[in-house]
Protein chains: 2
Amino acid sequence: MIISDNLKMYVQKLRSSNLRPTKQRLKICQFLFNREKTFHFTVEILNKKINKNRGTKVSLATIYNTVEAFTSAGYLKEILTSKNKSYYDTNTKSHHHFYDEGSKELTDIHYSQIKLSKVPIPPKGKKIKNLEVVIRIQK
Amino acid sequence: MIISDNLKMYVQKLRSSNLRPTKQRLKICQFLFNREKTFHFTVEILNKKINKNRGTKVSLATIYNTVEAFTSAGYLKEILTSKNKSYYDTNTKSHHHFYDEGSKELTDIHYSQIKLSKVPIPPKGKKIKNLEVVIRIQK
DNA sequence: TTTCTAGTTTAGAATTATTATAAACTATAA
DNA sequence: TTATAGTTTATAATAATTCTAAACTAGAAA
Ligand SMILES: [Mn+2]
Ligand SMILES: [Mn+2]
Ligand SMILES: [Zn+2]
Ligand SMILES: [Zn+2]
């Protein structure tokens, strides 16, 4: 197996978070992070894509474990949008989304594209943890 | 059984939506709508409250059916906030929420308390269905 | 008032997404 | 090379919700 440059990069990235660079994790890194644009996905989608072309299979449990590990490490962000499925995002910067109720797909909205000119003060003792907007759209 | 005035009102309300005024639905109406302030709940919470004091029990299936029927009829609104549990709201007007990640409770924010001075145009062919903000708070 | 029937309730089974378990495997430090 | 903690995996368990089908009932019609 030829170790490409970006593979070496992912090995470092994983090591820096105390995650061993296993072949499963590296395969998932390549798939998720070796791309230009933001990728939004559910575990179901990721599992299908990773295991599409036959070859060494990555188990569903490992897909779940890895998504959880990458989220904890800050490589992925969870987007709360749907009531019965978790969505994840390779764009970990603070930003907003369109959520298409028909196709069930998320699209990025750059943080500066929404301006909140009035925001209420949270109840005392509480602070705002997250203020990212999900705009629900449909045909 | 004495039929109180508000019970008669709920009978009409249900009939107007082609829902038969069964004793289960009326009990749930009394509990949900005979109050001053907004009530936010999950099916689990509603089930506990309705079946707290022993007496005639309403089955969990009926709680689910009724919440679904009331939501379709426009008497309840579903709030998408948590990844694995549905939240409902007796306040069906357009408004925003604080969601406390600790207590997992929703609090109303009046529609006028948040001002969005810049909102992106949705992709062509799509229109905005809902623009209600959930502000996640914690200690 | 009685009868009829579509609508409703219910217990329990099924489904879906996710998490837990525990045995087999493996990266890597010693 | 060996030891071992971390990882993967199949499978079981769990939690929320939906489905199923039999029993029940509201209310229209006879
Ligand atoms: Mn669910
Ligand atoms: Mn779940
Ligand atoms: Zn995004
Ligand atoms: Zn509310």
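First the proteins, then the strands, lettered A, B, ... as listed; each starts at 1.
Across the protein-nucleic acid pair, A/N51 atom CG and D/dT9 atom C1' stand 12 Å apart, rounded to whole Å. In this structure, CG of A/N47 is placed 11 Å from P of D/dT9, rounded to the nearest angstrom. Distance CG (B/L19) to P (D/dT25): 19 Å, rounded to an integer number of Å. In this structure, OH of A/Y10 is placed 21 Å from C1' of C/dA27, rounded to the nearest angstrom. We find that NZ of A/K85 is positioned 12 Å from C1' of C/dT18, with the value rounded to whole Å. In this structure, the CD atom of B/E44 is 16 Å from the P atom of D/dT14, given to the nearest Å. Regarding B/I28, its CD1 atom lies at a distance of 13 Å from the P atom of C/dT8, rounded to whole Å. To the nearest angstrom, P of D/dT8 lies 13 Å from CD of A/E68.
A cation-pi arrangement is present between B/K13 and B/F33 under the rule of less than 6.0 angstrom and at most 45 degrees off the ring axis.
Among D/dT7, D/dT17, D/dA16, the nucleotide with an atom closest to any side-chain atom of B/V43 is D/dT17.
Taking hydrophobic clusters as Ile, Leu, Val, Met, Phe, Trp and Tyr residues chained together by side-chain heavy-atom distances below 4.5 Å, B/Y111 does not share a cluster with B/V119.
A ring-centre distance under 6.0 Å is found for A/F31 and A/F39. Aromatic pair A/H97/A/H40: centroids less than 6.0 angstrom apart.
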Enumerate the protein-to-nucleotides 22-24 of chain D contacts in which both atoms are nitrogen or oxygen and the separation is below 3.5 Å.
none

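Not one side-chain nitrogen or oxygen of A/R20 sits closer than 4.0 Å to the OP1 or OP2 atom of D/dA5. Applying the 4.0 Å criterion to OP1 and OP2 of D/dT9, one finds that A/Q24 has a side-chain N or O inside that range. Between A/T22 and the phosphate of D/dT8, there is a side-chain N or O to OP1/OP2 separation shorter than 4.0 Å. Within the 4.0 Å cut-off from OP1 or OP2 of D/dG6, not a single side-chain nitrogen or oxygen of A/R25 is found. In terms of phosphate contacts, A/R15 brings no side-chain nitrogen or oxygen within less than 4.0 Å of OP1 or OP2 of C/dA27. Not one side-chain nitrogen or oxygen of A/S86 sits closer than 4.0 Å to the OP1 or OP2 atom of C/dA17.
The aromatic rings of B/Y99 and B/Y87 stand perpendicular to each other, their planes meeting at an angle above 60°, with 30° marking the opposite boundary.
Of the two residues near DNA chain D, B/P21 and B/T42, the one whose nearest nucleotide lies more 5' is B/T42.
When the shell of 6.0 Å around CD of B/Q12 is examined, it contains 12 or fewer heavy atoms from other residues, nucleotides or ligands.
For the pair B/V134 and B/L80, the tightest heavy-atom approach, listed with the atom from each and the gap, is CG2-O, 4.2 Å.
Panel note: side chain B/N130, backbone B/E132; a donor-acceptor pair is recorded below 3.5 Å. B/T62 places no side-chain N or O within donor-acceptor distance of the main-chain N or O of B/V58, the cut-off being under 3.5 Å.
Residues from residues 56-67 of chain A that place a heavy atom under 4.0 Å from any atom of DNA chain C, listed by number: A/Y64.
Between the side chains of A/Q30 and A/N6, at least one donor N or O sits under 3.5 Å from an acceptor N or O.
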